[in-house]
Each structure stands twice: as structure tokens, then as C-alpha cells.
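Read through the structure below, which is laid out as C-alpha cells, and then see the notes.
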Amino acid sequence: MSAPGRGTAIRLVDCAKTFPNGTRAVERTTLEMKGGGTIVFLGPSGCGKTTLLRVIAGLEAPDAGGRVFFDDEDVTELPIERRNVGMVFQSYALFPNMNVEENIAYGLTVHGATPQGRARRVDEMLEMMQIGELRERRVTELSGGQRQRVALARAIAVQPRVLLLDEPLTALDALLRERLRIEIDVLLHSLGITAAYVTHDQGEAMAIGDRIAVMNRGAVVQVGSPREIYYKPASSFVADFIGTMNRVGGTLRDGALELPGGRIPWAQAGSGAMQVLFRPNDARIVPAAGAQLRGVVAQQFFLGDRTRLHVSGVADRMVVVETTEHREFHTGETIGLRIEPGALLRLRE
Ligand SMILES: Nc1ncnc2c1ncn2[C@@H]1O[C@H](COP(=O)(O)OP(=O)(O)OP(=O)(O)O)[C@@H](O)[C@H]1O
Ligand SMILES: [Mg+2]
């Protein structure tokens with residue numbers, strides 16, 4: 001098995017995809033994916049995620065002029081069976097007439113492994129996925145989470161250069177999804193396989209991706225680490241797609257941002273009216289007396305690990321604030337807010 005960091009680098013050069021019916025599913029895209037890393041393609045339904053993954057896999061050819069490279073090898077003309085990629089889909093796509101063991105062994109048989117080599121690898125996979133006791137079960141007799149483990153085992157068994165996962169957890173309940181999400185993250189990094197992972201779930205993208213490529217209408221609109229995408233979104237589309245973002249209208253004057261509820265010292269070039277963004281967890285609740293900003297609690301939502309408040313009076317519209325404080329807030333209560341200048345974001349568009 002390859003060591004971490006030794007995975008195959010994937011490079012897309014000018015890859016677009018137009019279907020015969022004229023649908024332009026992917027705009028011209030140039031993108032580099034580091035060997036051994038996990039890149040997550042994140043975006044709303046229909047934005048072209050699956051299509052881009054299929055171009056990487058060799059299930060779709062890019063439009064003329066597009067090239068796909070695995071390391072320095074141009075694989076554009078290679079069909080999927082010669083690219084050595086493993087794929088895991090949302091719908092498992094296991095063979096229902098085979099048991100767990102036979103499903104995992106399938107690719108090995110196709111690749112011409114010896115019976116001993118095959119048996120050894122199947123054992124390894126069963127152990128890695130902790131499904132040894134299920135080896136002789138029919139896949140129709142498994143839970144969703146168990147099926148997804150078998151699908152992963154089958155894809156990884158053949159030691160692919162590249163692992164492609166298309167919404168592999170969508171069919172599972174929230175708790176199991178979260179557990180498998182962590183397992184997949186650990187697994188991918190321990191294997192050192194280059195992985196491309198498609199999801200429309202931002203939590204999943206943050207947890208699994210070393211890098212996230214946010215897509216909108218066929219185009220990759222931003223690529224960055226989860227933190228960069230979350231705190232430095234390049235556009236309002238990205239800001240709004242990744243979690244809740246406050247957008248307020250304020251005036252920059254004399255080194256401070258003036259809002260209806262107060263002013264925040266902010267060393268910024270320029271002056272005048274502008275739109276400013278900040279995340280709900282970047283506004284800290286402080287005593288109202290002497291606070292930078294003041295507002296009134298309009299609604300509160302207890303979310304277990306945190307409380308979300310809708311606060312009026314701070315800005316020209318309702319502001320969302322999140323706190324891990326345990327205390328209960330009251331509708332109509334006046335609170336103070338403090339926002340560090342570094343958490344304020346000005347969008348240039
Ligand atoms: N074989 C096809 N022929 C024509 N149009 C297609 C084909 N496959 C996909 N499309 C269209 O291309 C666009 C992108 O589809 P794609 O399946 O890549 O989206 P997606 O981001 O994976 O969406 P979802 O999150 O719903 O799975 C959509 O408008 C879709 O209708
Ligand atoms: Mg899709």
C-alpha cells in the first residue's frame with residue numbers, strides 16, 4: 001500500500017462538458033489536486049459535481065481541448081477500466097446476488113489476482129472496515145451503513161490510484177453519517193490515496209476535505225482549505241452556501257464601522273456605505289453597558305451544543321448570533337455584542 005502523501009496527483013486542464021442535448025454541465029475548468037489529498041466538490045444540486053467526477057473517472061470525455069492528467073500521464077483517452085480508479089456511489093451499487101466477501105473480491109478477480117492474493121486482500125478489507133462477521137451475509141441483508149462499508153472495501157481492495165466518492169453517505173441517517181464521515185477521513189489519510197469526494201452537505205465537506213472546491217452552475221468558483229472557504233469566502237454565493245453569514249449595511253467613517261446598534265473600530269481604507277459580512281459565532285455576547293454594539297433578543301433557539309439568537313437593533317436587518325453560553329436568554333432582553341475587526345469581511349463584487 002502506498003505511504004501517505006504518495007498518492008497520484010490529478011490535474012484537469014481546460015475541462016468542460018457539454019452533453020449531446022446541449023446542456024453545459026461543466027464550464028471550462030483547470031484544477032490541480034495534490035497527491036494523497038482529499039478534495040471535496042461542494043455545490044447545490046445540478047451544479048455539475050457528478051459530471052466532473054465522471055470526467056475524472058473516464059466515464060465521460062471532456063469537450064474537445066480538455067485534458068485529464070494522473071501525475072504526468074495524460075489519461076484523457078483512457079477508458080475507466082484502464083485508469084485504475086475506485087468509485088463509490090450514493091446508491092452503493094453492490095451486486096445483490098453476491099455476499100459481502102464476493103462483492104469485495106469482485107474487482108480483484110477482474111484484475112487477475114491469484115486465489116491466495118485475493119483471499120488475503122479480502123481479509124484485510126474486512127478487518128479494515130470492521131465487518132469481518134458479515135463476510136458471508138448477502139448484501140440485501142445489510143443495513144445502509146454496512147452496505148456503504150462494503151462498497152468502500154470493494155473500491156479500495158484493488159488499491160486504486162484514485163478514489164472517487166459521489167455522495168456516499170447521503171442515504172444514511174445523521175448519526176451514522178457523522179460516524180462514517182470520520183472513519184472515511186481517517187481511512188483516506190492513512191491510505192494516502194488521492195480522493196475526490198462529492199457532496200452538497202457543507203458539514204461533510206468541512207470534515208473530510210483538505211481542500212474544498214465550491215461549484216456553482218458548472219463552474220468551480222473557489223478552491224481553498226475549509227477554513228479559507230468558511231472565513232474568507234470569495235463571493236456572496238460561497239458565503240451563503242457555507243453556513244449562515246450575516247450581511248449588514250454599515251458606514252465606514254473615522255476608522256470605525258458605524259451600524260445602527262453602535263460602532264466597531266476598524267482600520268480600513270476608504271469610507272462610506274458598504275456591505276459587511278460576519279459569521280454568527282464571531283459575535284461575542286458581552287454586558288450591554290459599555291458594549292461596542294447593542295441589540296435586543298428577538299428569538300432564541302437552543303441547539304444543544306450552542307444557542308442561536310436573532311438580534312434586532314444591531315444592524316439594518318436581523319443579525320444571527322451563536323453562543324456556547326449555557327444561560328437562557330429572554331425575548332426583549334438587551335445584550336451587548338463584540339465583533340473582532342478581523343472577523344469582518346468586505347466582499348468585492
Ligand atoms: N447525461 C446527461 N445528459 C444531459 N444532461 C445531463 C446529463 N447528466 C447530467 N446532466 C445535466 O448536467 C447538469 C449537471 O448534472 P450533475 O449530475 O453533474 O449535477 P450534480 O451537481 O451532481 O447534482 P446532484 O447534487 O443533484 O447530484 C444538470 O443540469 C443535469 O441535468
Ligand atoms: Mg450528483
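Atoms within each ligand, like the ligands themselves, are counted from 1 in listed order.
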Report summary line: Honestly, for Thr50 the part within reach of ligand 1 (heavy atoms, under 4.0 Å) is both

Query - Polar side chain donor-acceptor pair, Tyr230 to Gln202, under 3.5 angstrom - result: no

Requested in this report: Check whether any N or O atom of His200, backbone or side chain, sits under 3.5 Å from an N or O atom of ligand 1, and answer yes or no.
Outcome: no

Query raised in the report: Hey, is Thr51 touching ligand 1 through its side chain, its backbone, both or neither, going by heavy atoms under 4.0 Å?
Result: both

Query raised in the report: Protein N, O or S atoms less than 2.8 Å from the Mg ion (ligand 2), ignoring waters?
Result: Thr50 OG1

Report task. For atom 5 (N) of ligand 1, grab the closest protein heavy atom and report residue, atom and distance to one decimal in Å. Result -> Phe19 CD1, 3.3 Å

Query raised in the report: For Phe237, is the NZ or CZ atom of Arg217 found under 6.0 angstrom from the centre of its six-membered ring and inside 45 degrees of the ring axis?
Result: no

Query raised in the report: When Val150 is tested against each of Ile104, Leu134, Asn99, Leu126 for side-chain contact (heavy atoms from CB on, under 4.5 Å), which residue passes?
Result: Ile104

Query raised in the report: Do the charged groups of Asp123 and Arg135 touch, with an N to O distance under 4.0 Å?
Result: yes

Query raised in the report: Which ligand 1 atoms are under 4.0 Å away from a heavy-atom of Thr23?
Result: 5 (N), 11 (C), 12 (O)

Requested in this report: Please confirm whether the backbone N or O of Asp201 pairs with a side-chain atom of Thr199, one donor and one acceptor, at under 3.5 Å?
Outcome: yes

Query raised in the report: Under a 4.0 Å heavy-atom limit, does Glu167 contact ligand 1 with its side chain, its backbone, both, or neither?
Result: side chain

Query raised in the report: Any salt bridge between Asp63 and Arg24, counting N to O under 4.0 Å?
Result: yes

Query raised in the report: Nearest protein heavy atom to atom 12 (O) of ligand 1, by residue and atom, and its distance?
Result: Ala25 CB, 3.3 Å

Report task. Return the residue, atom name and 0.1 Å-rounded distance of the protein heavy atom closest to atom 26 (O) of ligand 1. Result -> Ser45 OG, 2.5 Å

Report summary line: When rounded to the nearest 0.5 Å, the distance separating CE of Met33 from CZ of Phe70 is 8.5 Å

Query raised in the report: Among all protein non-hydrogen atoms, which one is nearest to atom 25 (O) of ligand 1, and what is the separation to 0.1 Å?
Result: Lys49 NZ, 2.8 Å

Query raised in the report: Does the protein put any heavy atom within less than 4.0 Å of atom 16 (P) of ligand 1?
Result: yes

Query raised in the report: Under 4.0 Å between a Lys/Arg side-chain N and an Asp/Glu carboxylate O for Glu32 and Lys34?
Result: no

Report task. Look at atom 23 (O) of ligand 1 and say which protein heavy atom is nearest, naming residue and atom and giving the distance to 0.1 Å. Result -> Gly46 N, 2.7 Å

Report task. Take atom 30 (C) of ligand 1 and look for protein heavy atoms under 4.0 Å from it; say yes if you find one, no if not. Result -> no

Query - Euclidean distance, Leu152 CG relative to Glu183 CD, rounded to 0.5 Å - result: 9.0 Å

